Amino acid sequence: MTVEAIDSKAAPLKLEDIVRNRTRKHRWHLAFYILALVLIGWSIKATIIDDTDWERIGTFSEILKSVSQFIGIDFGLIPDLLGPTIETFMIACIGTLLGLVICIPAIWFGALNVTPFKPVTYPLARIAMTLSRSIHEIVWALIFVSAVGLGAFAGILAIAARSLGFIAKMSAEAVENIDRKPVEAIRAMGGNNFQVMLYAILPQVMPVILGIVIFEWEINIRRSAVLGLVGAGGLGLVFFRQMHTFNYPGVTTVILAIFCLVLVGEITSHYSRKALI
Amino acid sequence: MSQLHQMSGKSDATKREWSRFKYPQSLYKYGITLGVVLFIIYSLHYLNVDLSRLFGIFGRLGDLLANRYYPPDIEYIKDADYIGSIIETIQMAYLGALFGILISIFLGWFAAYNVSPSRRYLYPVARVVTMLFRSVHEMIWAILFVTILGFGMLPGVLALTMFSVGFAGKLFAEEIEAIHMGEVEAIRAMGGNHLQVFVYGVVPQVRVALTGIAIYTWDVAFRAATVVGFVGAGGMGWYLKRNVMQIETHRTAAILLSILILVIISEFISAWARNYVSKAK
Amino acid sequence: MAILEVRDLKASYSSSGPEILKGISFEVENDDFFAIIGPSGAGKSTLIRCINRLLEPSSGSIKLNGVDVLKLNNKELRHLRRHIGMIFQEFNLINRMSVMDNVLSGRLGYVGTLRSVLRIFSDKDIQNALMLLERVGLQDHVDKRADELSGGQRQRVGIARALMQEPTLLLLDEPTSALDPKISREVMELIKDIATELKVPVLCNIHDVQLAKETCNKIIGLQDGYKMFDGPTETLAQANLEEIYSMEVL
């Protein structure tokens, strides 16, 4: 093959074509960036410039002053924090566990390959998952406080309701991605549907689900620390009380307690998820 | 008689020993299980949870929804003020996520052990900062900023920024830690400084993943934005709080419904955008 | 007397899709070690799976001990399946369970749902499982997890599991194609020995003709959904093989 032959084959596109394509693509991107910038400008104007009461905020030094109120630790508060910290931790644990329990039917219904009656059960589970994830834990807590009254129980239910969506969605995906071969084996030896789930599906997805649950548990510690704001017990309640009594070092102390608790959760989660594999 | 008895060879009458319980592995297993069960029982006791109420809860909740929350007051959410608050919420989420992502890119860079400009100082600092931002819930950020800056959307935007930093920072750092070090070494070998290493060796590898995370961050920030108004930080949360406090259940139901619809829409958009980005590469 | 009678069996993967089996008939006698050979895509696997209805045939009849398999309802089918042992190409073990639990799971068709939840198996089942594991040479691996074993060992677990069912018929779906030639022979010989001891007829699909000739007493050859040969192993001539595998050469 001669050089000319290669040339005529390899360059069907003229230079101006390439340039034109590039500019077209460029224009598209440019329009997108301009749109984004306009959106940012508009948002900044609406939210920050127009909406803010600059006189209330005052000068920079005044801001610094109000920030500096938070510096310091209220050591007198620490003994009173132990109980609520344990409570928060327990709400997170029990809430996650309860979430896992109510997840089981959602996973079963929401995984395409095992759902018992596809036209009804599958959408039902998917709706429950979306509902659970789109409503913020604070709102869930409000709903449950109005249903069961103030206290840790409402917090547990809120955590469970909020966890359902994530755990169920990820787990259902895991169930959909299982290896079909053990399923076939259990069917071939005369196992019923329940035994297929128990022996062929569950052993495969159990480690995955546990990993997801631990991950969610870690997030739930953070969540349960604020549920007290709406009366669902734990550290949030103490935080709120400090806020109301203008005990700003106390606020910092509570935040540090939350930080420690979350740190414990993160470390536990890291090692236990490693141990699962 | 069992068919298996026809088996020849070693299949004699000797009894074989096997038990599901193995010492000590099974002991550990059962011990842990027992510990978990005891912890649950103790927790329920400590938190004063009456388990018998749990079984009635679904019926009661259904009752509550059917009688008090249904039907939602649709007229209320068609109101111009309320629609305005929705737009505010979207703006807050947009800005908060944007600022958060911009900060996270640097924080993620500093907190990624493999390419951090200074393993001695910046790395641990960035790690702790990300941890701190993560561990403090967006509601607490909102309360703090409202205390310092007063009511309005600015504290909301700042709270969402903090939240987005915590959310995206860790994911960014993890993503950066998983890159191929070959490119980084190449740039280093050419005598590139830290910034050049980051821009030429790291960014091209993680661009797509980071964009995906950024879109996801927006999605999550939007959910958080719907409630920060609860403590006076702007957006629709304020309406939610007012109606909850006044026990306007039909209006509350309508607001929840609108939140649900918005979240579903934002989820669709973010799923589409992530898909688009991962295809575009 | 024929223990398994298959008449004019037709099957396809979907109602509109192409037919995989185009009218297959054969009989398995009481002490047969029956091989199905043929090029890949001929329908060997489909045929095996139709026998215990892991795949639903579109027409024809299958009679096992005089019972028409295709007329059974779900519950009756499960009862029938527990009498048909099956050994799979890729072992299909439950990887995260121990060898012992895998073998015991062969009794699932017999134990109730509640007992299978708690994994309580009768003493007799446990004794049988241990005996079978000893027979297949895995007595030292009883409590290992199934995914810790080598391929050959896993297939031995598969064999023990199938025998736990106390089957009246063994189905083998390419039991050796995931194994190397030496281990393949060992496994086939093991299955043959055990089948002879227990007087269980075997229906086996296998792509290795040489191995089929060594172990099986009867062979049917499939090609593109049709039966091209049916008879004792000795009568299988080179000409038959060429006919069966003609598509493959092309």
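Below, chain A is the first sequence line, B the second, and so on; all start at residue 1. Note that this is a predicted model, so its numbers are computed, not measured.
- Note: C/Phe88 CZ to A/Glu184 CD = 5.0 Å, rounded to the nearest 0.5 Å.
- Only the side chain of C/Asn52 comes within less than 4.5 Å of a heavy atom of chain A; its backbone N, CA, C and O stay farther away.
- Judged by distance alone, with hydrogens and angles left aside, the side-chain atoms of C/Arg82 form no donor-acceptor pair with the main-chain N or O of A/Gly191 at under 3.5 Å.
- Contact of C/Leu54 with chain A is made through the side chain alone, with heavy-atom distances under 4.5 Å.
- Counting all heavy atoms, side chain and backbone alike, C/Met97 lies closest to A/Pro203 at CE-CG, 3.6 Å.
- Taking C/Asn92, C/Leu171, C/Ile94, C/Ile87 one by one and counting their heavy-atom pairs under 4.5 Å with chain A, the maximum is reached by C/Asn92.
- Within a 6.0 Å radius of NZ in C/Lys192, other residues, nucleotides and ligands contribute more than 12 heavy atoms.
- Using a 4.5 Å cut-off between heavy atoms, A/Ile186 touches chain C through its side chain atoms alone.
- Residues A/Gln204 and C/Asn95 form no side-chain contact, since every pair of their non-hydrogen atoms from C-beta on lies 4.5 Å or further apart.
- Note: C/Met86 CE to A/Met189 CE = 10.5 Å, rounded to the nearest 0.5 Å.
- If you measure heavy-atom distances from C/Arg53 to chain A, you find no contacts under 4.5 Å at all.
- When heavy atoms are compared at a cutoff of 4.5 Å, A/Tyr199 approaches chain C by way of both its backbone and its side chain.
- Closest heavy-atom contact between A/Ala188 and C/Gln165: O-NE2, 4.2 Å.
- Counting heavy-atom pairs closer than 4.5 Å to chain A, the top residue among C/Leu93, C/Val111, C/Val117 is C/Val117.
- Using a 4.5 Å cut-off between heavy atoms, C/Arg107 does not touch chain A at all.
- Residue A/Asp179 holds its CG atom at 8.0 Å from CD of C/Glu90, rounded to the nearest 0.5 Å.
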